[in-house]
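Note: hydrogens, waters and symmetry copies are ignored here, and every other heavy atom, side chains too, is used. So that the names make sense, note that chain A is the first sequence line, chain B the second, and so on, each numbered from 1.
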Amino acid sequence: MENILVCLAWPYANGDAHVGHIAGAYLPADIFARYQRLTGNRVVVVSGSDSHGTPIVVSAEKQGKTPRALFEHFHARFLQTWIKLGISYDLYTHTDTENHHAIAQQMFTRLNDNGQLFLAKQKQVYSEKQQKFLPDRFVEGTCPICAYDKARGDQCDNCGNLLEAVQLINPRNRNLADDVLSIRESEHYMWDLPQVGPAIGEYLADKDSYWRPQVLNFARNFAKDLNPRAFTRDLTWGIPIPVPNSEGKCIYVWWEAVLGYLTATIEWAKLNGTPEAWKDFWYAPDNVKIYNFIGKDNILFHTVLWQGILLGMKHLGDEAAPRPGDNPTFNLPYDVPANQYVNLNGQKFSKSLGVSVEALELAEKYGADPVRFYLTQIMPEQRDADWSFEGFTQANNSELLAKWGNLAQRTLSQIFKNFDGAIPIPGALTEADQALLTASRAAFAAVGESLNAVRLREALTLAMELAGKANYYIDQQAPWKIIKVDKARAGTQLYVAAQVIDHLSVLLSPFVPDLCEAVRRQLGYAKPLFGRLFTETVHERTRDHEVLRYDAREADGHWVASQLAAGQKLGGEPRGLVTKIEVAKELPKT
RNA sequence: UGCGGGAUAGAGCAGUGGUAGCUCGUCAGGCUCAUAACCUGAAGGUCGUUGGUUCGAAUCCAACUCCCGCGACCA
């Protein structure tokens with residue numbers, strides 16, 4: 001048994017999740033996690049909402065809300081989305097918990113104590129009207145290189161040169177026309193990233209055999225030339241640094257957001273009543289694999305910088321330190337299977353341009369499985385993919401329904417009508433029977449291998465191939481004909497088909513869990529393959545927060561070719577499980 | 001401009017030296033248990049362009065074209 005920690009990107013609680021997010025990170029992680037659970041590994045899936053940072057403050061101001069009210073709104077929407085789509089988190093929390101704040105402050109202290117941080121004065125553009133330092137992006141002015149008058153504080157779109165906001169001539173506030181800007185000095189903690197550079201290089205050195213090349217190349221390239229990076233920010237909405245007389249200085253949002261993987265595992269352990277259990281993932285020397293599922297925009301942070309933080313901290317102190325026998329330092333991610341993007345009509349998803357397909361809305365309208373199925377088919381594992389409602393309809397009607405749904409329906413309804421609603425008792429098996437059963441058993445190894453290597457599209461294709469073989473078998477055997485002359489033989493044929501359906505209900509379950517659970521109920525199974533998601537309010541000293549958790553007590557799924565019991569009663573009259581989509585058209589814009 | 005990824009039948013993809021494959025769609029046929037679902041067959045590609053290496057290249061090398069992303073305080 002292995003301990004598998006599945007870490008998902010922390011969505012920024014500033015808007016709803018769209019299908020690009022789902023296909024990019026959440027769905028692949030869930031498919032992978034469900035598979036690992038079925039194999040009997042101990043799996044923990046953690047993530048949460050990223051709740052700090054300037055964009056949330058700006059949005060909140062616009063809507064006349066507090067930042068907390070704003071992110072809590074989107075956090076609640078995320079929880080609904082995950083439940084609706086069946087993204088099975090063991091813990092989905094957020095970054096504004098006391099637990100996260102305390103550990104983030106520990107991170108600061110650890111890095112500082114380990115000599116990773118140093119103080120430096122930085123010149124920054126200050127807004128006199130808003131009484132705060134402006135993010136570089138919010139500053140606009142004349143480019144000192146090409147004289148373009150709408151250069152941004154980080155880059156000039158005209159000449160492409162990278163800039164610093166303080167270099168701009170006649171700087172102005174993009175969001176406040178009559179603002180008065182000045183240049184002020186601010187003292188910040190810098191992270192001396194080059195210190196951990198060699199260790200990061202070593203970490204990346206042995207990943208060739210299983211990391212995706214685009215991820216590895218990108219990371220190595222970046223790791224070659226590391227510079228110190230600011231560790232603190234002047235923020236009003238963030239985690240204050242634990243240093244006296246440093247009001248307004250917060251930990252730069254990115255650093256504490258990635259730390260969420262660790263803090264959420266710790267919170268998970270606490271909620272489970274096993275407060276040390278997180279160390280089995282982060283410190284244990286053997287049988288551990290940490291996976292980070294992200295989109296390609298996050299590669300840098302999850303392949304280089306997050307590792308740098310873990311290396312720089314070494315471990316947490318006091319009761320959070322490694323146990324005897326543990327590694328003296330944090331375990332680093334085993335794999336970072338980053339996906340490319342899903343686009344819509346070739347365009348990047350963009351809320352402001354109205355280019356978006358909201359995941360929650362879609363799942364509410366069509367159910368989770370059609371969405372999961374199609375998104376797996378187009379999953380951008382190698383390159384950008386394109387979402388289309390036409391493709392979605394086709395995938396649902398021509399493959400999910402026609403191949404898998406119909407296979408179960410045609411087989412089980414024949415059994416129900418002609419064999420008293422119970423799995424027939426098979427007679428001697430023919431060569432054709434054996435051949436199909438052999439292929440069916442072999443699929444567990446083949447599909448499992450692809451899933452284990454996070455080649456999910458390939459895994460789905462392999463599983464669906466078996467459904468095709470089963471349909472072919474039924475066509476060739478024609479039990480509806482045979483039954484008129486030899487009922488026992490027809491019973492054997494239907495038994496073989498039902499046996500393959502039983503196998504498929506496991507093979508396909510990581511991808512389309514609801515449908516597979518329903519097929520298994522029709523086959524007469526009482527226990528579900530997977531556990532159940534539920535929300536819970538966690539009480540801390542000063543504030544509560546809503547989390548999503550996973551209850552695995554009822555789960556009885558196993559990644560093995562089980563033997564279907566002859567005589568097992570079906571769960572009632574079979575009825576179609578996949579709904580045909582007549583007209584899938586664009587959802588109304590919200 | 002720099003770095004990374006990509007360009008293979010109408011669509012989506014697989015294929016890292018040896019006669020171009022898969023799924024969907026299209027067309028034709030078969031079957032009728034099944035949600036007009038299932039099965040079979042066919043049509044459809046000079047593998048982005050140009051040049052090179054090789055007996056032989058989608059596959060290796062070079063140059064070029066186009067698309068996507070990243071380029072640090074933006075999460």
*May I ask you to evaluate whether A/Arg457 reaches the phosphate of B/A14, defined as a side-chain N or O under 4.0 Å from OP1 or OP2?*
yes
*With respect to the phosphate group of B/C3, does any side-chain polar atom (N or O) of A/Lys224 fall under 4.0 Å of OP1 or OP2?*
no
_Closest nucleotide among B/C24, B/G4, B/C73 to the A/Asn221 side chain_ = B/G4
_If you assign each of A/Met379 and A/Thr461 to its closest nucleotide in RNA chain B, which residue comes earlier from the 5' end?_
A/Met379
*Tell me the partner of B/U65, counting only Watson-Crick (N1-N3 plus N6-O4 or O6-N4) or G-U wobble (N1-O2 and O6-N3) with both under 3.5 Å; none if nothing fits.*
B/A7
*Distance, rounded to the nearest Å, where A/Phe231 contributes CZ and B/A72 contributes C1'*: 15 Å
_Please pick, from B/C24, B/C31, B/C39, the nucleotide with the shortest atom-to-atom distance to any side-chain atom of A/Glu399._
B/C24
*Looking only at side-chain N and O atoms, does A/Ser398 come under 4.0 Å of OP1 or OP2 in B/G25?*
yes
*asked:* Check for me whether the distance between the ring centres of A/His52 and A/Phe71 falls short of 6.0 Å.
replied: no
*Assign the ring pair A/His18 / A/His21 to parallel, tilted or perpendicular, where the plane angle (0 to 90°) is split at 30° and 60°.*
parallel
*If we call it a pair only when both distances are under 3.5 Å in a Watson-Crick or G-U wobble match, what pairs with B/C70?*
B/G2
*Under 30°, 30 to 60°, or over 60°: which ring-plane class applies to A/Tyr92 and A/His75, parallel, tilted or perpendicular?*
parallel
*Most 5' of A/Leu577 and A/Ile378 on RNA chain B, judged by nearest nucleotide*: A/Ile378
*So what's B/A34 paired with, Watson-Crick or G-U wobble, going by both distances under 3.5 Å?*
none
*Name the pairing partner of B/G45, where a pair is Watson-Crick or G-U wobble with both distances under 3.5 Å, or state none.*
none
*asked:* Once you apply a heavy-atom cut-off of 4.0 Å, does A/Tyr12 come out as touching a base, just sugar-phosphate, or nothing?
replied: sugar-phosphate
*When the P atoms of B/G45 and B/C64 are considered, how many whole Å apart are they?*
31 Å
_Just to verify, which of A/Lys121, A/Lys249, A/Arg233 counts as forming a side-chain contact (heavy atoms from CB on, under 4.5 Å) with A/Ser186?_
A/Lys249
_Heavy atoms from C-beta onward define the side chain here; which of B/U32, B/C38, B/C70 lies closest to that of A/Trp480?_
B/U32
*Could you check whether A/Arg575 gets within reach of a base, just the sugar-phosphate, or nothing at all, counting any heavy atom under 4.0 Å?*
nothing
*Counting heavy atoms from C-beta on, name the nucleotide in B/U32, B/A14, B/C39 closest to the side chain of A/Gln476.*
B/C39
*A/Tyr374 OH to B/G12 P: how many Å, rounded?*
9 Å
*Between B/C31 and B/C38, how far is it from one C1' atom to the other, in whole Å?*
8 Å
*With the side chain of A/Asn227 defined as its heavy atoms from C-beta on, choose the nearest nucleotide among B/C13, B/A34, B/A72.*
B/A72
*Using both distances under 3.5 Å as the test, list the Watson-Crick or G-U wobble partner of B/G21, or none.*
B/C13
_Nearest-angstrom distance from the residue atom CZ of A/Phe373 to P of B/C24_ = 10 Å
*Report the distance from atom NZ of A/Lys403 to atom C1' of B/C22, rounded to the nearest whole Å.*
10 Å
_Out of B/C33, B/U40, B/C73, whichever nucleotide has its closest atom nearest the side chain of A/Arg410_ = B/C33
*Taking OP1 and OP2 of B/G25, is either one under 4.0 Å from a side-chain nitrogen or oxygen of A/Gln394?*
no
*Decide yes or no, distance alone: a donor-acceptor N/O pair under 3.5 angstrom between the base of B/A37 and the side-chain of A/Asn406.*
no
*Remember a base hit wins even if backbone is also touched, and classify A/Glu465 as base, sugar-phosphate or nothing at under 4.0 Å, heavy atoms.*
nothing
_Paired nucleotide for B/U40 [Watson-Crick or G-U wobble; both distances under 3.5 Å]_ = B/A28
*Please give the nucleotide sitting opposite B/C60 as a Watson-Crick or G-U wobble pair, both distances under 3.5 Å, or none.*
B/G52
*Using the benzene-type ring in the case of Trp, are the ring centres of A/His302 and A/Tyr261 under 6.0 Å apart?*
yes
_What's A/Ile56 touching, base or sugar-phosphate or nothing? Going by heavy atoms closer than 4.0 Å._
nothing
_Mind checking if A/Ala402 touches a base, just sugar-phosphate, or nothing, with heavy atoms under 4.0 Å?_
sugar-phosphate
*Within a radius of less than 6.0 Å around CD of A/Glu185, do more than 12 heavy atoms belonging to other residues, nucleotides or ligands occur?*
yes
*Nearest-Å distance, NZ (A/Lys469) to P (B/C22)?*
14 Å
*Nearest of B/C73, B/C24, B/U35 to any side-chain atom of A/Gln409?*
B/U35
*When you get a sec, tell me which of B/A72, B/C33, B/C3 is the closest nucleotide to the side chain of A/Arg229?*
B/A72
_side-chain N/O A/Lys580 vs B/A37 OP1/OP2, d < 4.0 Å_ = yes
*So A/Trp387 and A/Tyr374, would you call those rings parallel, tilted or perpendicular, with 30° and 60° as cut-offs?*
perpendicular
*asked:* Nearest to the side chain of A/Lys417, heavy atoms from C-beta on, is which of B/C39, B/A34, B/C73?
replied: B/A34
*Taking only the side-chain heavy atoms of A/Phe218 (C-beta and beyond), determine which of B/C70, B/C33, B/A72 contains the nearest atom.*
B/C70
_Are A/Phe301 and A/Trp255, when compared by the centres of their aromatic rings, separated by less than 6.0 Å?_
yes
_Measure CZ/A/Arg233 against P/B/A72 and give the value in whole Å, please._
13 Å
*Check every strand shown and say whether A/Val578 touches a base, only sugar-phosphate, or nothing at a heavy-atom separation below 4.0 Å.*
base
